[in-house]
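Taking it in order: structure first as structure tokens, then the write-up.
Residue numbering restarts at 1 for every chain, and letters A, B, ... go by the order of the sequence lines.
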Amino acid sequence: MNLPMDPEIRRILLLSAPEAAELVIGWELYADGAGGRIVEAEAYTDDDPASHAFDGPRGRNLPMFLEGGHIYVYRSYGVHWCMNLVTGPAGSGQAVLIRALEPLWGLDEMRLRRPGIADHRLLSGPGNLTKAMGVTGESSGTLLGEVVGARMGDFGGKVGVTTRLGLTRAMDTPWRFCALGSRSISRKPPRE
DNA sequence: AGGATGATCATCT
DNA sequence: GATGATCATCCTG
């Protein structure tokens, strides 16, 4: 895969992470022929105590300080890979964690990668979706279109907002965005 | 339906 | 030596 980035995608990924995180709900993400529609995402910024970018560019978080449109993949709890879309101008240290997608393509391949999982759950959860799509830390720092591709899209519903999941800091910041009504959201969605 | 637990390792103190 | 932007599994009710 080596595709030029859609200008509208590029424009949105140069916005701040909280703005972009809401707008990416409904987009299509794919890697190696497998993927689906984004139904859940969270924003992280450089002045956010919960963000890997909070202490400045070092080590694994370097890709977060690239220009919007790159991807940042990190290992969570030593076990799972988690994928972000980097946003904002170069050096700004922002990203959108992709938490869940509704499966659209590569169902056979994804079932092999996650045996025994119901189809609508194949891409539900940040660690689960990278496993189903075959995305690892090797693609951290690549540009969208190299390993992971994105297309504009629309899920045709409303977006709900809640606080982010799994944090020990900045737990009140309402930067989790969900496609209301989707069965593929990783945990209980906000009330409509 | 919901709480506790352990896996496992890069990064940081 | 401690800490996670997690998840599957094993409880309890």
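A heavy atom closer than 4.0 Å to some atom of DNA chain B occurs in A:Tyr77, A:Gly78, A:Val79, these being the qualifying members of residues 67-87 of chain A. Proximity of residues 101-110 of chain A to DNA chain B (heavy atom under 4.0 angstrom from any strand atom) is not detected for any residue.
When rounded to the nearest whole Å, the span between CZ of A:Phe54 and C1' of C:dG4 equals 16 Å. In this structure, A:Arg58 atom CZ and B:dT13 atom P are separated by 8 Å, rounded to whole Å. When the P atom of C:dC7 is taken as reference, atom CZ of A:Arg99 falls 6 Å away, rounded to whole Å. A straight line from CG of A:Asp172 to C1' of C:dA5 spans 16 Å, rounded to a whole angstrom. A straight line from CZ of A:Arg187 to C1' of C:dA5 spans 11 Å, rounded to a whole angstrom. One atom, CG of A:Leu123, and another, P of C:dC7, lie 12 Å apart when rounded to the nearest Å. As rounded to whole Å, 11 Å separates atom P of C:dA5 from atom CD of A:Glu42. Rounded to an integer number of Å, the gap from CG of A:Leu62 to P of B:dA10 is 16 Å.
Nearest heavy-atom pair, A:Ala170 versus A:Pro49, reported as atom, atom and distance to 0.1 Å: CB-CD, 4.2 Å. The two atoms that bring A:Pro103 and A:Asp119 nearest to each other are CG-O, 3.1 Å, heavy atoms only. Pairing each heavy atom of A:Ile185 with each of A:Val39, the nearest pair is CG1-O, 3.9 Å. The two atoms that bring A:Leu129 and A:Ile98 nearest to each other are CD2-O, 3.3 Å, heavy atoms only. Pairing each heavy atom of A:Ala21 with each of A:Ala43, the nearest pair is CB-CB, 3.9 Å.
Among residues two or more places apart in sequence or in another chain, the side-chain hydrogen bond (donor to acceptor under 3.5 Å, both in side chains) test is passed with A:Asn84 by none. With sequence neighbours left out, A:Ala20 forms a side-chain contact (heavy atoms from CB on, under 4.5 Å) with A:Ile12, A:Thr87, A:Val96.
Side-chain contact check for A:Glu42 and A:Tyr44: at least one donor-acceptor pair (N or O, by modelled atom type) lies under 3.5 Å. Between the side chains of A:Arg114 and A:Asn128, at least one donor N or O lies within less than 3.5 Å of an accepting N or O.
Using a 4.0 Å heavy-atom cutoff across all strands shown, A:Met64 reaches at least one base atom of the nucleic acid. Within 4.0 Å (heavy atoms only), A:Arg164 reaches no atom of the nucleic acid at all. Across all strands shown, A:Leu97 has heavy atoms under 4.0 Å from base atoms, whether or not it also approaches the sugar-phosphate.
Nucleotides C:dC10 and B:dT8 are separated by 15 Å at their P atoms, to the nearest Å.
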- [ ] Represent DNA chain C in dot-bracket notation, 5' to 3'. Only Watson-Crick or G-U wobble pairs with both distances under 3.5 Å count; pseudoknot-style crossings use [ ] and interstrand partners use |.
- [x] ||||.|||||||.
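Phosphate proximity of C:dT3 to A:Thr168: absent, as no side-chain N or O sits under 4.0 Å from OP1 or OP2.
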Please produce a list of atom pairs where a protein N or O lies less than 3.5 Å from an N or O of nucleotides 8-10 of chain C.
unit_1	atom_1	unit_2	atom_2	d
C:dA8	OP1	A:Arg114	NH2	2.6
C:dA8	OP1	A:Asn128	OD1	3.2

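Cation-pi geometry between A:Arg75 and A:Trp81 is met: under 6.0 angstrom from the ring centre, within 45 degrees of the axis.
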